[in-house]
Amino acid sequence: MTDNEILICGAGIAGPALAYWLREGGFTVTIVERAPAPRPGGQTVDLRGAGRTVIERMGLMERAKAESVDQRGLALVDAAGRVTAALPADSFGGEGIVSEIEILRGDLARLLYEASLPDTEYLFDDTITALEQDADGVTVTFERAAPRRFGMVVGADGPHSVVRALAFGPEREFVRPLGLYTAWFTATDDLDLDGWYMMHNAPPGLVASARPGRLPGEIKAGLSFRSAPLTYDRRDIAAQHELLARRFAHVGWEAPRLLRAMRTAPDFFLDSMGQVRLDGWSRGRVALLGDAGYCATPLTGLGTSLALVGAHVLAGELATAGGDHRAALRRYDEVMRPYVDQAQQLPPGGASGYAPTSRLGIRLRDLSMRQMTRRPMRNVLAAQFAKAGNIELPAYGWGSQLRGRRQEFGV
């Protein structure tokens, strides 16, 4: 083990992005991932603000645009399918609720995975079971692989982070539930969306949604509901299907069709929505990145930008810290904290705005959405959306200045 060897847990968005930038700074990188291979599919994610800047600096923007999903905007519909409010994608300069560049999570993860090769070592179908730190490094115990030593470990393994649990403490101390549960899945159907992300609300706090996928006939569906904390077996998919079938049994629009598609979807996933809040994102030689450290929830539309920007900043600070990982992690916190605080601000109404519990609440929310498209309000909101997605992103002198340089950090 040398001090410049870094282990990343998680091969989603944040992990491979961090690996790419760490390799630019001369570090040796290993990524461990629970899944047996890069995860395909998934819902669409937004590329906006500083997140776009990071993708541009990686030279991936043209490929990301080529694989983006064409969406006209967000349309709210009633039980009969009539549009009650609509927000075109270009309403706020491409930075609104539906951004100008939307890409499937799996497609973006694949682009980042490929960009991190060939110099990144991947350990698929494995995970971390124990971390033991000392003055010189971290001894990592894996579920399958033999124990190894690293100079640093980064948890980029999502809101239910194993690394965070091992190094920081139990999940309940850091995750703030929003009282929302959401199931995402892919369906193949003839539902005519005409390029729109369509969403139907019903009391009490139920949301059925569908948006176009990248392939013809592919739909990315969502079923959300308000609820007090639930206890369920994450491995029992059939029981989760029944839970949703009961909740949405009397919901109109296309909910019955989505429930049928749910039962055969290959990528069905149910989870609670919650924000991750910590006072600091490092403990000694262990750091957190992306959703593991500062999940903002899909309601903000900034989770992908936070992951990309965080990866760029963390790698840049480590590469330019002159061998002092403590100073690098302090700077990581200082640079990212204002951006994270802003990005975690929920849209007006928060969970209630997304999933009103009464018919009156739904009507008032629809009225609010219609007002957002009026010119004076549109201009104000465009500025707010742009500000929320941006940060003055340091350059760090990436390129020949850092490439191939073996930075020693630690003691």
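Every heavy atom of this structure was used, including side-chain atoms; hydrogens, water molecules and symmetry mates were not.
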**Prompt:** Of the non-hydrogen atoms in Ala351 and Leu180, which two are nearest, and what is the gap between them?
**Reply:** CB-CD1, 3.7 Å
**Request:** For the pair His312 and Tyr396, name the ring-plane relationship: parallel under 30°, tilted 30 to 60°, perpendicular over 60°.
**Result:** tilted
**Request:** Please answer whether the main-chain N or O of Arg214 pairs with a side-chain N or O of Glu218 as donor and acceptor at a distance below 3.5 Å.
**Result:** yes
**Close side-chain approach of Val29 to Ile8, heavy-atom, < 4.5 Å** = yes
**Request:** List the steps, then state whether side chain to side chain contact (heavy atoms under 4.5 Å, CB included) holds for Leu112 with Ile13.
**Result:** CA-CA 7 Å; Leu112 295 168; Ile13 302 297; 3.7 Å; yes
**Request:** Taking the side chain as every heavy atom from C-beta outward, state whether Glu62 and Glu67 have any pair of such atoms under 4.5 Å apart.
**Result:** no
**Item:** Donor + acceptor pair across side chains of Arg149, Thr139 (<3.5 Å)
**Value:** yes
**Prompt:** side chain to side chain contact (heavy atoms under 4.5 Å, CB included) with Val162: which residues, sequence neighbours excluded?
**Reply:** Thr127, Asp157, Leu166
**Interatomic spacing from OG1 in Thr84 to CG in Leu76 - rounded to 0.5 Å** = 5.0 Å
**Request:** May I ask you to decide if Ala11's main-chain N or O and Glu33's side chain share a donor-acceptor pair within less than 3.5 Å?
**Result:** yes
**Prompt:** Taking Arg144 for the side chain and Asp125 for the main chain, is one N or O donor matched with an acceptor at less than 3.5 Å?
**Reply:** yes
**Asked** Within the distance-only criterion (no hydrogens, no angle test), does the side chain of Thr297 pair as donor or acceptor with the backbone N or O of Met273 below 3.5 angstrom?
**Response** no
**Prompt:** Yes or no on side chain to side chain contact (heavy atoms under 4.5 Å, CB included) for Trp196 and Val83, after CA distance, side-chain angles and deciding distance?
**Reply:** CA-CA 11 Å; Trp196 288 88; Val83 175; over 6 Å; no
**Request:** Walk me through it: do Asp46 and Thr304 pass the test side-chain hydrogen bond (donor to acceptor under 3.5 Å, both in side chains)?
**Result:** CA-CA 7 Å; Asp46 306 322; Thr304 300; over 6 Å; no
**Between CZ on residue Arg331 and CG on residue Leu329, distance to nearest 0.5 Å** = 12.0 Å
**Item:** Pairing of Arg110 and Asp107 as salt bridge, 4.0 angstrom limit
**Value:** yes
**Request:** State, with a plain yes or no, whether a side-chain heavy atom of Tyr113 is found less than 4.5 Å away from one of Pro38.
**Result:** yes
**Message:** Checking Phe185 now: which residues fulfil ring-ring contact (aromatic ring centres under 6.0 Å, His included) with it, not counting sequence neighbours?
**Reply:** none
**Request:** With sequence neighbours excluded, tell me which residues meet side chain to side chain contact (heavy atoms under 4.5 Å, CB included) with Ala145.
**Result:** Asp126, Phe142
**Request:** Find out whether Leu346 and Leu178 are in side-chain contact, i.e. whether some heavy atom of one side chain is under 4.5 Å from a heavy atom of the other.
**Result:** yes
**Message:** A quick test of your reading: do over 12 heavy atoms of other residues, nucleotides or ligands sit less than 6.0 Å from CZ of Arg172?
**Reply:** no
**Request:** For side chain to side chain contact (heavy atoms under 4.5 Å, CB included), just list the numbers for Leu308 and Ile55, CA-CA rounded to whole Å, side-chain angles, deciding distance to a tenth of an Å, and then say yes or no.
**Result:** CA-CA 8 Å; Leu308 293 170; Ile55 291 296; 3.9 Å; yes
**Request:** Answer yes when Arg263 and Glu242 have at least one side-chain N-carboxylate O distance shorter than 4.0 Å, and no when they do not.
**Result:** yes
**Message:** I'd like to know whether CG of Asp70 has more than 12 heavy-atom contacts from other residues, nucleotides or ligands below 6.0 angstrom.
**Reply:** no
**Prompt:** Could you give the distance from CD (Glu5) to CD (Glu121), rounded to the nearest 0.5 Å?
**Reply:** 9.0 Å
**Asked** Okay, side chain of His200, backbone of Val77: is any donor-acceptor separation there less than 3.5 Å?
**Response** yes
**Side-chain heavy-atom pair Leu393, Val54 within 4.5 angstrom cut-off** = yes
**Prompt:** At their closest point, which heavy atom of Ala208 faces which heavy atom of Phe248, and how far apart are they?
**Reply:** N-CE2, 4.3 Å
**Request:** Apply side chain to side chain contact (heavy atoms under 4.5 Å, CB included) to the pair Glu254 and Ile219, showing each step before the final yes or no.
**Result:** CA-CA 12 Å; Glu254 299 291 350; Ile219 294 169; over 6 Å; no
**Message:** Whether the side chain of Gln344 engages the backbone of Val276 through a donor-acceptor N/O pair (distance < 3.5 Å, no angle test) should be reported.
**Reply:** yes
**Prompt:** Are Ser282 and Tyr332 close enough that a side-chain donor and a side-chain acceptor fall under 3.5 Å?
**Reply:** no
**Request:** May I ask you to decide if Ser352's main-chain N or O and Arg365's side chain share a donor-acceptor pair within less than 3.5 Å?
**Result:** no
**Request:** Quick one: closest heavy-atom pair of Ala292 and Ser161, and the distance?
**Result:** CB-CB, 3.7 Å
**Asked** Between the side chain of Gln275 and the main-chain N/O of Ala296, is any donor-acceptor distance below 3.5 Å?
**Response** yes
**Request:** Check for a donor-acceptor pair, side chain of Glu143 on one end and backbone N or O of Arg34 on the other, with a separation under 3.5 Å.
**Result:** no
**Message:** For a quick test of reading the model, state the closest non-hydrogen atom pair linking Ser227 to Arg247 and the distance between them.
**Reply:** OG-NH2, 3.6 Å
**Fill in**
To the nearest 0.5 Å, atom OG1 of Thr28 lies from atom CD1 of Ile6 at 9.0 Å
**For His241, ring-ring contact (aromatic ring centres under 6.0 Å, His included) partners two or more places apart** = Phe268
**Request:** Mark yes or no for whether Asn4, through its side chain, and Gly26, through its backbone, hold a donor-acceptor pair below 3.5 Å.
**Result:** yes
**Message:** Between His160 and Glu171, do the side chains contain a donor N or O and an acceptor N or O under 3.5 Å apart?
**Reply:** yes
**Prompt:** Around Asp279, counting heavy atoms of other residues, nucleotides and ligands shown, do more than 12 lie under 6.0 Å from its CG?
**Reply:** no
**Prompt:** Side chains of Leu206 and Ser224: does their closest heavy-atom pair fall under 4.5 Å?
**Reply:** no
**Asked** For Tyr181, which residues count as a ring-ring contact (aromatic ring centres under 6.0 Å, His included) partner, sequence neighbours excluded?
**Response** Phe225
**Residue pair Trp21 / Arg57, side-chain heavy-atom distance below 4.5 Å** = yes
**Asked** How many angstroms lie between atom CZ of Phe27 and atom OG1 of Thr120, to the nearest 0.5 angstrom?
**Response** 13.0 Å
**Asked** Can you name the residues that form a ring-ring contact (aromatic ring centres under 6.0 Å, His included) with Tyr294, not counting sequence neighbours?
**Response** Trp281
**Item:** 4.5 Å side-chain heavy-atom contact, Arg370 and Leu367
**Value:** yes
**Request:** Could you point out which residue of Leu131, Val286, Val140, Val163 forms a side-chain contact (heavy atoms from CB on, under 4.5 Å) with Leu7?
**Result:** Val140
**Prompt:** Going by an N to O cut-off under 4.0 Å, is there a salt bridge joining Glu114 and Arg63?
**Reply:** yes
**Message:** Could you report the tightest heavy-atom contact between Leu278 and Arg337, atom names first, then the distance?
**Reply:** O-NH1, 2.9 Å
**Message:** For Arg211 and Thr44, which I'm curious about, is there any donor-acceptor pair between the side chains at under 3.5 Å?
**Reply:** yes
**Asked** Looking at CE of Met61 and CG of Leu47, how far apart are the two atoms once the value is rounded to the nearest 0.5 Å?
**Response** 6.0 Å
**Item:** Glu56 CD: over 12 foreign heavy atoms closer than 6.0 Å
**Value:** yes
**Request:** Write down the atom of Gln345, the atom of Thr300, and the distance for their closest heavy-atom approach.
**Result:** O-CG2, 3.9 Å
